[in-house]
2 protein chains.
Amino acid sequence: MTNKNVFLKKLCMTRSEENYIKIIFHLGGNTSTLISTNAIAEQMATKPSSVTDMSKKLAEKGLLHYKRYQGVTLTELGVKVALSIIRKHRLWEVFLVEKLDFTWDEVHEVAEQLEHIKSEKLIDQIDALLGYPKYDPHGDPIPSKDGEFLERDKQLLSDMPKQSIGVCVGVKDTSTPFLKFLDKNQIALGNTIKVLDIEDFDQSLSILINNKKLNISHQIASNLYVKKQN
Amino acid sequence: MTNKNVFLKKLCMTRSEENYIKIIFHLGGNTSTLISTNAIAEQMATKPSSVTDMSKKLAEKGLLHYKRYQGVTLTELGVKVALSIIRKHRLWEVFLVEKLDFTWDEVHEVAEQLEHIKSEKLIDQIDALLGYPKYDPHGDPIPSKDGEFLERDKQLLSDMPKQSIGVCVGVKDTSTPFLKFLDKNQIALGNTIKVLDIEDFDQSLSILINNKKLNISHQIASNLYVKKQN
DNA sequence: ATAAATTTTTAGACAAATCTAAAAATTGGT
DNA sequence: ACCAATTTTTAGATTTGTCTAAAAATTTAT
Ligand SMILES: [Mn+2]
Ligand SMILES: [Mn+2]
Ligand SMILES: [Mn+2]
Ligand SMILES: [Mn+2]
């Protein structure tokens, strides 16, 4: 067991603290970019004053660097914690889809709860049961036990040129309406998509998927990730 | 969906409230027996004054009957809530043992967390995945979705007469030391036990299990449930 | 450079769940 | 029936995480 994992074990984090760390990570706090109080407040659906209070507490605990009026960045330890929560969230999502017949628009809400369960054995066994999956149902990468993960080579469908071909590998928007729309139009991860045409007027696309022609708006295309075929 | 299940859905219960309801049920609050403030405090590892506060809140919510200085009993709704938590707890315990290779002494701690996850679909799918089990790893019955469950025909091994035969169906003590002791001596649920002799001096038993003779103390026998063979 | 707008922090309050200490009610022994 | 012991409740304080309103710092615009 690494030295960092020992710290992880001793740290006792409340559910609220864990949610702050996770959201700061998603806002880019893993790099040295400073994350603003307001940005965190918006994501947490809370007030900036609450964020300030929590930032002080998390800095005290060694999870982030906080300078008044500047913003925060995660410490190395903070990144570790963030990755461990994201790992749990995404593994539970896979579990729900693979083992319990959940649809990909139902899993997020439940995973938000399950990600806070404290048991190292539990999540490692779930990982094993699932065969150590690399990606969650939305195409997002699952960090390994020691925090490693590969960001996939992907781009937005809306950034693909005419006549190019790609494989659908993820979604940017994970809202139920968007995912239901994809289901209705039989667009799923793994499908091959060819961009037939892009309309000058509104950037809407004509694509070939499942051997069928389909017209989709720019907004749809800008929320679908594909891996370009060379 | 029954009328009561509709109530269950609307009720939003905190983790602490759920734990109080569960413990009151286990103390016998499903009958009309009054449960004392002190008894609840002891089980909850909290102070009587805290129990009084919570009793008022839960009575306000319609989950229990509370009369000052008298004690509490669960309402019909309170019993429903208790059974739904116990159902979740025990199903998760089965899941951990059957699907994730947990041992029967490891499951309780994790189930204490998992029992509070809010998702009807989640627990119903776990139930289905497990093949609708009737008993948990410790031999305790699992309430069905609508709160029905059979208490098993069982008695303590220490209450069995000489020469009688029974099948081990449950444990009274679920502590790790006791369960580890049973593992070490290869005593498991489902095993047939014959009482060969009972020592007058200390009530220790000589039993036949797995075709081997074994001596166990009265304390061990008084924490093992068996179903008597006719 | 100064003023205006925005962001962030502070100060003080609140709800939930807990605690301690003291008061009130109940129970039990004689 | 009385006193003493026990149980239970009340009153007031504490911690966590949040809020509002006001003050302070920073950023943007003129
Ligand atoms: Mn998610
Ligand atoms: Mn996801
Ligand atoms: Mn248990
Ligand atoms: Mn059990």
Side-chain angles (χ1 to χ4, degrees), chain A residues 10-24 27-29 32-74 78 81-82 85 112-113 115-116 118, chain B residues 10-24 27-29 32-74 78 81-82 85 112-113 115-116 118:
Chain A
K10 287 194 175 279
L11 261 182
C12 77
M13 305 266 299
T14 67
R15 174 172 299 224
S16 187
E17 288 171 343
E18 288 188 346
N19 283 331
Y20 272 95
I21 293 294
K22 185 181 58 164
I23 272 170
I24 291 165
L27 285 168
S32 54
T33 325
L34 284 163
I35 309 300
S36 78
T37 303
N38 264 1
I40 299 167
E42 194 181 346
Q43 287 299 307
M44 286 290 295
T46 186
K47 302 291 161 177
S49 56
S50 304
V51 175
T52 300
D53 285 349
M54 186 57 90
S55 296
K56 287 174 184 168
K57 200 202 306 182
L58 293 172
E60 196 62 42
K61 279 193 162 187
L63 294 160
L64 46 80
H65 301 293
Y66 166 65
K67 275 267 183 70
R68 281 175 28 176
Y69 294 100
Q70 303 287 120
V72 302
T73 57
L74 294 176
V81 169
I85 300 161
E112 284 291 307
Q113 300 178 60
E115 72 190 4
H116 302 291
K118 264 92 181 165
Chain B
K10 287 193 174 280
L11 261 181
C12 80
M13 305 265 301
T14 67
R15 175 172 300 224
S16 188
E17 288 170 343
E18 288 189 346
N19 283 331
Y20 272 95
I21 293 294
K22 185 181 59 165
I23 273 170
I24 291 165
L27 285 168
S32 54
T33 326
L34 284 163
I35 308 301
S36 77
T37 303
N38 263 2
I40 299 167
E42 195 181 345
Q43 286 300 307
M44 286 290 295
T46 186
K47 303 290 162 176
S49 55
S50 304
V51 175
T52 300
D53 285 349
M54 187 57 90
S55 295
K56 288 175 185 168
K57 200 202 305 183
L58 293 173
E60 195 61 43
K61 280 193 163 187
L63 294 159
L64 45 80
H65 301 293
Y66 166 65
K67 275 269 183 70
R68 281 174 25 173
Y69 292 102
Q70 303 287 121
V72 302
T73 58
L74 294 177
V81 169
I85 300 161
E112 284 292 307
Q113 300 178 61
E115 72 189 6
H116 302 291
K118 263 91 180 167

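Residue numbers begin at 1 in each chain, while the letters A, B, ... track the order of the sequences. Atom set for the values below is all heavy atoms of this structure, side chains included, hydrogens, waters and symmetry mates excluded.
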N or O in side chain of A/T37 less than 4.0 angstrom from C/dT7 OP1/OP2:
no
Check for a donor-acceptor pair, side chain of B/K56 on one end and backbone N or O of B/Y66 on the other, with a separation under 3.5 Å.
no
How many whole angstroms separate atom CD1 of B/I35 from atom P of D/dT8?
11 Å
Nearest of C/dC19, C/dT18, C/dT9 to any side-chain atom of B/K47?
C/dC19
If you take all heavy atoms of A/V72 and A/S55, which pair is closest and at what distance?
CG1-OG, 3.9 Å
Pick base, sugar-phosphate or nothing for A/S16, based on heavy-atom distances below 4.0 Å to the nucleic acid.
sugar-phosphate
Would you indicate whether the side-chain heavy atoms of B/E17 and B/V81 approach each other to under 4.5 Å?
no
Which nucleotide sits closest to the side chain of B/T52: D/dT8, C/dT7, C/dT9?
D/dT8
Nearest-angstrom distance from the residue atom CG of B/N38 to P of C/dT27
13 Å
Partners meeting salt bridge (charged side-chain N to carboxylate O under 4.0 Å, His left out) with B/E42 (sequence neighbours left out)
none
Name the pairs: protein N/O against N/O of nucleotides 25-28 of chain D, kept only if under 3.5 Å.
{"residue": "D/dA25", "atom": "O4'", "partner": "A/Y69", "partner atom": "OH", "Å": "3.4"}

When B/K22 is tested against each of B/E112, B/H116, B/Q43 for side chain to side chain donor-acceptor pair (under 3.5 Å), which residue passes?
B/E112
Write down the distance between CG (B/L34) and P (C/dA25), rounded to a whole number of angstrom.
19 Å
In whole Å, I'd like the distance from the CG atom of B/D53 to the P atom of C/dA15.
15 Å
Find the distance A/I40:CD1 to C/dT7:P and express it as a whole number of Å.
14 Å
Mark yes or no for whether A/Q113, through its side chain, and B/K118, through its backbone, hold a donor-acceptor pair below 3.5 Å.
yes
Starting at the 5' end of DNA chain D and moving along, which residue's nearest nucleotide shows up first, A/E17 or A/S49?
A/E17
Any side-chain heavy-atom pair from A/L64 and A/I35 closer than 4.5 angstrom?
no
Nearest to the side chain of B/M54 - D/dT8, D/dT10, C/dT18?
C/dT18
When the distance from CD of A/E60 to P of D/dT16 is rounded to whole Å, what number comes out?
12 Å
May I have the distance from A/Y66 (atom OH) to C/dT9 (atom C1'), rounded to whole angstrom?
6 Å
Within the pair A/Y20 and D/dT18, is there a side-chain N or O less than 4.0 Å away from OP1 or OP2?
yes
Please report the distance, rounded to the nearest Å, between NZ in B/K67 and P in C/dT26.
12 Å
